[in-house]
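So the structure is just underneath, and the comments pick up after that.
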Amino acid sequence: MARNAPTHPVDGRYGAYGGQYVPETLMGALQELEKVWHEAKADPQFQLELAGHRHAFVGRPTPLYAATRLGEHFGGAHIHLKREDLCHTGAHKLNNAVGQALLALRMGKKRVIAETGAGQHGVAAATVCARFGLECTVYMGTEDMRRQSMNVRRMKLLGAEVVEVTSGTKTLKDATSEAIRDWVTNVRSTHYIIGSVVGPHPYPEMVRDLQRVIGDEARDQYLSVDGRLPDVVVACVGGGSNAIGIFTAFLDDKDVMLVGVEAAGKGVKTGQHAASLVGGRPGVLHGSYSYLLQDGDGQVLPTHSISAGLDYPGVGPEHSFLRDIERAEYVAVTDAEALAAFRLCTRLEGIMPALEPAHALHHAGVLAREMGSGGRILVCLSGRGDKDMDSVEDAARAERDQ
Amino acid sequence: MKTATGSLEQALRATGDLKLVAYMMAGHPNKRRSIEAGKRLAGSGIAALEIGIPFSDPLADGPVIQRAGQIALEHGMNVAGALEVAAAIATEGVPVVLMTYINPVLAYDPRRFAAEAAQAGLAGVIVPDLPVEESEPVAGWLRAASLDTVFMVAPTTAEDRLASICDRSSGFVYCVTVTGITGVRKDLPPGMKELFGEVRRHTQLPVAAGFGISRPEHMKSLRGVADAAVVGSAIVDEIDRGGDPVALIKELLKGCR
C-alpha cells in the first residue's frame, strides 16, 4: 500500500529542519526508539498486528464521502471528505496512538505519557492504554481542560491520570513541555506518545509513518471512485499530523496541489493567532528545528486559536521543509471563518466537524469558488465536533452580545 | 577583559577539597539585583559561577528555575541583557559560564553571541538542549572565540557516546547526577561513583556534578568522587525569597572540605 517511499528524513532532518534538540538524558531513549521503530516497521508480524487493530479497533478504512451539498453551495466543485471523524474516539489521533502503544509493548515499557490540547490525542492515548493494559498519564493545560472538559472526563473514565498544567500559557505548548520533563525523569520506564509530527527525531517520522494510512486509503478510494486524482488536497495544520498523514501519499503526484491550513485566530496581523508557517520564522521548540512563533529574542510567543488542537506555536519539521521546497502551500483561516464553516458543514451535510478541520473546510470553500464546477477537492476531516459544542455556543453568545 | 584559556579547567579541578559552582538566573529578581547577587556570590568562595539566560520553555528545568526565568523574562531580560549582567559579575575575577537553551542563541546569532561572550570576559557556555550531535556550527563559533564548550553526560548516556561528549568538552564535563530535571532533592541517587568512574576513563578534564544538589551532606558524598558540584535551585530559591545566598554557600562549603 505504501507506494511512495518518502525521501526524508535524512539523518533525522528534513532539509534544514528537524534534529534532536533535547537534554542529554533523552538521547539514549531517542536512539533506542529509532532503532525499535525501524525494526518494527520492517517486521511483517508487527505490520499484521497493526493492520488488525486498525481494522477492528480503530475502524479503518474510513470512508471517502462526497460532500455534494457543500460543493453546490460553493459553486459546483466536487468536494470529498476523508472521514477520520469516524475513527474510534472521533479523530485521526488513534492511528498514531495504536501504533505507538504496540511499540511501547515491544520495548517493554509499561507506562505511557502524552500531552494533549483539544483532548483528542489524550483520549486516544488513554484509550490504547486501557486496551493494552498500560499505565497512562496525560498532561493538559488548565485553559484546555476548561474548554475541552468532556474529553477530560473521557480520559478519566478510561483510567488515565490527567495532570493539569498551570505554567506559561496553560495550553498545548506547556503541556508538551511538562510531558517532556516527565519523560526526562522517568525515561527508563516510560514511553512518550507524542500526538503530532513534532518533537525530536524520530517522532516526526514515526508519527508520519503511522498517519500516512489516511492518504494511502484516500488516494486509492479517490482513484476507484473517479478514476483520477483530486486537483488539491486540503488539511488543517497545528503540529500537522493529519496533514502529513494525507499529504504523504500524494507527494509524488506533482499535479496534486497540497494545502495546509493554519489557525489565523483573530487575524495574523493582530498577533493573536497560531500560524507558525504563515507568520513565524525557524527556531527550536520541543526538540526540533522548525517554523516557530517567537519574538526577536527567541522567546516562544503565546498563541491564540478557538481550536485547542491548533493552538500551538510550533509545527512539524516536514511541513517547514515542504513549505520551503514549495511542494505544499500554507494559508491561515480565522476563528470566525472556521466557525462559519463548522455551521455550514453541520447544516448542509449532517456532519459536525471538529473546529480544527473546520479551518480546512473554510479554505476548501475558497478554493472551490476559485476553481468553479470543474474543481476537485479532497479535504481531510480529521475529527468530529462533539467536543467543541461549548466553544461554538460561547462564540455564538459572544456574537449576539456584540 | 579576556579569561585565559584553561582557567575554568584550573578553577574546577579538585585539590583535596570539592569545588563549588553556583548557579543564578540573569535578571532574577531583576537586572540590578541579579548583578548584586552575582557579585556577592563571586566573592563567597565559589570556584565558578553559572549564569542562566532565561527561556520561555526550559525543558531541563524544574519549577524553581522555571519560575526565576519567567520573572526575569517579565522584567525584560534577554541575551543582550544577560551578557551585560555576566560581564559586570565577571569583573570580580570568578570564571563565569553561561547556561542557555539554544533558541535564544540562534535568535541572537551564534557567531555574535560567541564574540560578545568572549568580549565580556566569560569562560564558557553550557547549552542543555544541544547534544553533541547537534552542536555544530554553534560550538565552532564558541571555540573560535576561545570559549569553553561544556557538554553534559547523564546516567542514561551509553558508553559509546561518552567518548564523543568528553572529546568535545572543554573546561569541564558536566555530569548530570540524576535522571531528571533541575531541582533540589533529599538524597542523591546510588551509582554515582560508577558513573563518575566511567566518565573519567574518557577524559582528563575536571568532572562536575549537577542537578538535585543542595545540601552539605551531598557535598560530603561527592568529595573524592567529583571535582566540583553545581548548586542551582537551592541558590535561586534563596534569591527568590529575598534571602542571602552567601549564607547557604558558607554552609555548603563546610561540606566540601
Side-chain angles (χ1 to χ4, degrees), chain A residues 11-13 16 18-32 35 165-169 173-190 199-201 280-290 292-302 313-314, chain B residues 53-63 66-67 69-70 72-73 76-82 100-109 113 126-135 138 151-162 165 174-176 178-183 211-212:
Chain A
D11 291 335
R13 293 209 174 241
Q20 295 178 313
Y21 298 89
V22 295
E24 173 59 28
T25 306
L26 294 181
M27 288 301 287
L30 291 176
Q31 289 174 346
E32 182 199 5
K35 184 169 154 283
V165 176
T166 57
S167 56
T169 54
K173 168 181 84 92
D174 299 280
T176 307
S177 295
E178 214 44 45
I180 293 174
R181 291 189 188 105
D182 179 314
W183 202 34
V184 171
T185 307
N186 300 299
V187 61
R188 287 189 172 94
S189 66
T190 299
H201 177 70
R281 62 191 163 82
V284 171
L285 176 67
H286 297 145
S288 68
Y289 183 69
S290 193
L292 177 63
L293 295 171
Q294 55 181 323
D295 69 14
D297 292 327
Q299 306 296 341
V300 181
L301 288 168
Chain B
I53 300 177
F55 178 50
S56 52
D57 297 84
L59 292 183
D61 284 308
Q66 279 179 49
R67 186 180 129 79
Q70 205 53 48
L73 288 174
M77 185 46 61
N78 57 16
V79 171
T100 175
Y101 289 86
I102 189 61
N103 202 50
V105 175
L106 295 179
Y108 198 71
D109 174 15
F113 174 78
I126 307 172
V127 187
D129 59 348
L130 196 68
V132 287
E133 287 83 348
E134 305 290 359
S135 62
V138 175
F151 286 99
M152 293 174 151
V153 300
T156 52
T157 302
E159 176 85 35
D160 60 342
R161 293 186 67 252
L162 273 181
I165 294 171
Y174 193 125
C175 192
V176 177
V178 296
T179 306
I181 54 177
T182 62
F211 286 34

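Convention: sequence-line order gives letters A, B, ...; per-chain numbering from 1.
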Pairwise side-chain contact, F55(B) with I102(B), heavy-atom cut-off 4.5 Å (strictly under): no

Engaged part of [X] at the chain A interface, taking heavy atoms whose separation is under 4.5 Å:
X: Y108(B); value: neither
X: R67(B); value: neither
X: Q70(B); value: neither
X: P104(B); value: both

Step by step, would you call H286(A) with S177(A) a side chain to side chain contact (heavy atoms under 4.5 Å, CB included)? CA-CA 7 Å; H286(A) 297 145; S177(A) 295; 2.9 Å; yes

E178(A) with K173(A): basic N within carboxylate O range, under 4.0 Å: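 Result for this pair is no, no salt bridge flagged.
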
Give me the atom names and distance for the closest heavy-atom approach of A16(A) to Y289(A).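 Reported closest heavy-atom pair: O-CD2, 3.3 Å.
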
Could you report the tightest heavy-atom contact between Q20(A) and E134(B), atom names first, then the distance? N-OE2, 2.6 Å

Pairs of heavy atoms under 4.5 Å with chain A: top-ranked of [options]:
options: L73(B), V176(B), V127(B); result: L73(B)
options: L106(B), L59(B), N78(B), V153(B); result: L59(B)
options: N103(B), I181(B), V105(B), T156(B); result: N103(B)
options: P63(B), P58(B), G62(B); result: P58(B)
options: P54(B), P155(B), G180(B), A154(B); result: G180(B)

To the nearest 0.5 Å, what is the distance between CZ (F151(B)) and CG (L130(B))? 6.0 Å

Checking L292(A) against chain B: side chain, backbone, both or neither under 4.5 Å from a heavy atom?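 Answer is side chain: those atoms of L292(A) sit under 4.5 Å from chain B.
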
Measure the acute angle between the ring planes of F211(B) and Y174(B), then classify it against the limits of 30° and 60° as parallel, tilted or perpendicular. perpendicular

Donor on one side chain, acceptor on other, S288(A) and H201(A), under 3.5 Å: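 Side-chain D/A pair, S288(A) to H201(A): absent.
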
Between D182(A), D11(A), V22(A), which shows the greatest number of heavy-atom pairs under 4.5 Å with chain B?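 Highest number of pairs under 4.5 Å: V22(A).
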
